[in-house]
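Notes to accompany the following structure.
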Amino acid sequence: MPELPEVENYMKYIDSTALHQQIVAMDCRDDRLLKKPESDFNEHLLHQEFKETHRLGKYLFLKTTGKKILVIHFGMTGRPNYYKSEEDRPKFGHLQLTFKNGFHFAFENKRKFGWWDLADSITDFKTSHKLSDDARDLSLEDFKNSLNGRKTDIKKIIMDQSVAAGVGNWMADEILYQSKIHPQKKVANMTEHDIESVFEAMKKVIEVAIEKDAHYRDFPEHFLMHFRKEDETCFHTEAQIKKIKVGGRTTYFSPEWQKL
DNA sequence: CGTTATGTTTCACT
DNA sequence: CAGTGAAACATAAC
């Protein structure tokens, strides 16, 4: 479930668990989850500690006491799991670190779309991966500039990590529901006001989701997440939620509420 | 057995 | 080069 608010949560989780623990071992059960040779990770992680965490979009950066930064992307099904007893090792913990205190840090990844990489700096990583500022900090000016000249559907654009780093599929649906904009509305046909509505909804969704620790059940009752399912009833209209594909991704929206 | 899944990367076109 | 759309990736769960 890792979009911006979930990754924010994972970061806080790591801050309160794996930070400042000396790494004594690494166990890799599938090296396809590593963007560099396993020996590189051993070289740069063993005997080091994580000293600081950062998040940019859906990417998490763990600064070490060594030279490199561990970059984690959770893919579609990733999450961290800090545990002590070996029998508690999660089934899908394909990558794992062990600390001097006896605890383990597992990188659970059922679908193996997540990965670890090593980077020299967050700035370089941001540039080479063409990431915008984090959606939480993004300025309206930068957002408007990114939309300039774009011709495709608004949903595709806000999910573009070079436009609003951190926005994923459920957030995009939520943002467009809150701003009453149809996911297939062409950016070129949007007014200044439409664009500002989307921007404001994006900020609102991010802040609410982070405040609620990405716990969907605690979201306000008018949030799409509560009825983001085909044929559920829209909070504002009596119409039913429709399911379509936009940019290859499953999209839920309220046809009465969200106008093209 | 076929379909689906909250993501990124790559590649062929315009 | 910039923008777009589709495919590929790997695998559990329904």
Side-chain angles (χ1 to χ4, degrees), chain A residues 1-10 28-36 55-61 71-80 90-95 107-117 119 125-132 134-135 145-178 183-189 202 205-206 208-210 212-217 219 223-232 241 243-253:
Chain A
M1 312 162 186
E3 295 183 27
L4 187 155
E6 290 90 345
V7 179
E8 180 77 13
N9 250 13
Y10 296 164
C28 169
R29 297 188 174 178
D30 190 335
D31 62 11
R32 290 174 298 181
L33 304 204
L34 299 178
K35 293 278 192 183
K36 299 212 164 50
R55 183 188 58 72
L56 173 57
K58 304 168 195 169
Y59 300 81
L60 200 55
F61 299 86
V71 188
I72 298 181
H73 193 286
F74 295 92
M76 291 236 225
T77 56
R79 64 175 181 188
K91 187 177 175 192
F92 303 109
H94 307 302
L95 300 176
F107 179 61
E108 288 190 56
N109 221 289
K110 217 184 308 194
R111 232 174 118 193
K112 298 186 178 177
F113 275 180
W115 45 256
W116 286 10
D117 197 358
F125 187 90
K126 183 185 179 197
T127 307
S128 61
H129 287 254
K130 297 186 175 24
L131 299 173
S132 73
D134 187 78
N145 286 338
S146 297
L147 266 55
N148 215 338
R150 297 296 211 111
K151 291 192 158 41
T152 192
D153 308 339
I154 182 62
K155 173 162 176 179
K156 276 202 75 175
I157 297 300
I158 59 174
M159 283 182 68
D160 183 337
Q161 301 302 293
S162 71
V163 172
V167 175
N169 202 27
W170 76 254
M171 284 184 72
D173 284 357
E174 188 67 65
I175 289 164
L176 294 171
Y177 181 76
Q178 295 305 325
Q184 286 173 309
K185 180 142 191 167
K186 301 295 178 197
V187 174
N189 296 336
M202 175 175 81
V205 169
I206 291 170
V208 167
I210 288 179
K212 302 297 183 189
D213 292 328
H215 198 212
Y216 311 140
R217 273 176 299 179
F219 286 5
F223 267 43
L224 176 66
M225 277 309 260
H226 296 297
F227 40 92
R228 187 173 176 271
K229 204 175 166 190
E230 193 161 31
D231 295 335
E232 289 281 310
I241 299 298
K243 175 181 167 180
I244 56 173
K245 290 273 183 192
V246 178
R249 306 301 300 278
T250 307
T251 299
Y252 296 92
F253 75 107

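We name chains A, B, ... by the order of the sequence lines, and we start the count at 1 in each one.
Listed for the A/Gln161 side chain is a donor-acceptor partner under 3.5 Å among the backbone atoms of A/Gly166. At distances below 3.5 Å, not a single donor-acceptor pair connects side-chain atoms of A/Thr77 with backbone N or O atoms of A/Gly75. For A/Glu3 (side chain) and A/Asn169 (main-chain N/O), a donor-acceptor pair under 3.5 Å exists by modelled atom type. Judged by distance alone, with hydrogens and angles left aside, the side-chain atoms of A/Lys243 form no donor-acceptor pair with the main-chain N or O of A/Phe253 at under 3.5 Å.
Rounded to a whole Å, the CH2 atom of A/Trp115 is 19 Å from the P atom of C/dC9. Rounding to whole angstrom units, CG of residue A/Leu147 and C1' of C/dG3 are separated by 13 Å. Whole-Å rounding puts the A/Lys186 NZ to C/dT4 C1' distance at 11 Å. Rounded to whole Å, the distance from CD on A/Glu108 to C1' on B/dT6 is 16 Å. In this structure, A/Lys110 atom NZ and C/dA10 atom P are separated by 18 Å, rounded to whole Å. Spacing between atom NZ of A/Lys151 and atom P of C/dG3 amounts to 10 Å, rounded to whole angstrom units. C/dA10 atom C1' lies 15 Å from atom NZ of A/Lys91, rounded to whole Å. One interatomic measurement links the two molecules: CG of A/Asp30 to P of C/dT11, which rounds to 6 Å at whole-angstrom precision.
For C/dC9, neither phosphate oxygen OP1 nor OP2 lies less than 4.0 angstrom from any side-chain nitrogen or oxygen of A/Arg32. For B/dT6, neither phosphate oxygen OP1 nor OP2 lies less than 4.0 angstrom from any side-chain nitrogen or oxygen of A/Thr77.
Contacts of A/Glu8 classified as salt bridge (charged side-chain N to carboxylate O under 4.0 Å, His left out), with partners at least two apart in sequence or in another chain: A/Arg55, A/Arg136.
If you check every strand for non-hydrogen atoms under 4.0 Å, A/Gly248 touches nothing. Within 4.0 Å (heavy atoms only), A/Lys58 reaches sugar-phosphate atoms of the nucleic acid but no base atom. Here A/Phe74 lies out of heavy-atom contact (under 4.0 Å) with every strand. Looking at heavy-atom distances under 4.0 Å, A/Arg249 makes contact with a base.
Rounded to whole Å, the separation between the P atoms of B/dT3 and C/dA7 comes to 15 Å. Remark: the separation of the P atoms in C/dA10 and B/dC11 is 15 Å, to the nearest Å.
Of the candidate nucleotides C/dT4, B/dT9, C/dT11, C/dT4 has the atom nearest to the side chain of A/Ile157. Between C/dA13, B/dT8, C/dT4, one nucleotide has an atom nearer to the side chain of A/Gln161 than all others, and that is B/dT8. The listed nucleotides are C/dA10, B/dG7, B/dT9; the one nearest the side chain of A/His129 is B/dT9. Out of B/dT6, C/dT4, B/dT8, the shortest distance to the side chain of A/His73 is found at B/dT8. Residue A/Lys245 has its side chain nearest to B/dA5 when only B/dA5, C/dA13, C/dT4 are considered.
Nearest-nucleotide assignment on DNA chain C puts the 5′-proximal partner with A/Lys130, out of A/Lys130 and A/Gly247. When each of A/Tyr59 and A/Lys243 is assigned the nucleotide of DNA chain B bearing its nearest heavy atom, the one mapping closer to the 5' terminus is A/Lys243.
Stacking between A/Phe113 and C/dC9 is present: the aromatic ring centre lies within less than 5.5 angstrom of the base six-membered ring centre, and the two planes differ by under 30 degrees.
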Structure string for DNA chain B in dot-bracket form, Watson-Crick and G-U at under 3.5 Å, | interchain: .||||.||||||||
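Between the side chain of A/Arg111 and the base of C/dA10, at least one donor-acceptor pair of N or O atoms lies under 3.5 Å.
A pairwise comparison of heavy atoms in A/Ile154 and A/Leu147 identifies CD1-CD2, 4.3 Å as the closest pair.
Of the charged side-chain nitrogens involved, at least one lies within less than 4.0 Å of a carboxylate oxygen, so that A/Asp30 and A/Arg32 count as a salt-bridged pair.
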Salt bridge (charged side-chain N to carboxylate O under 4.0 Å, His left out) between A/Asp153 and A/Lys185, worked out: CA-CA 5 Å; A/Asp153 308 339; A/Lys185 180 142 191 167; over 6 Å; no
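Between the OH atom of A/Tyr10 and the CZ atom of A/Phe107 there is a distance of 9.5 Å, given to the nearest 0.5 Å.
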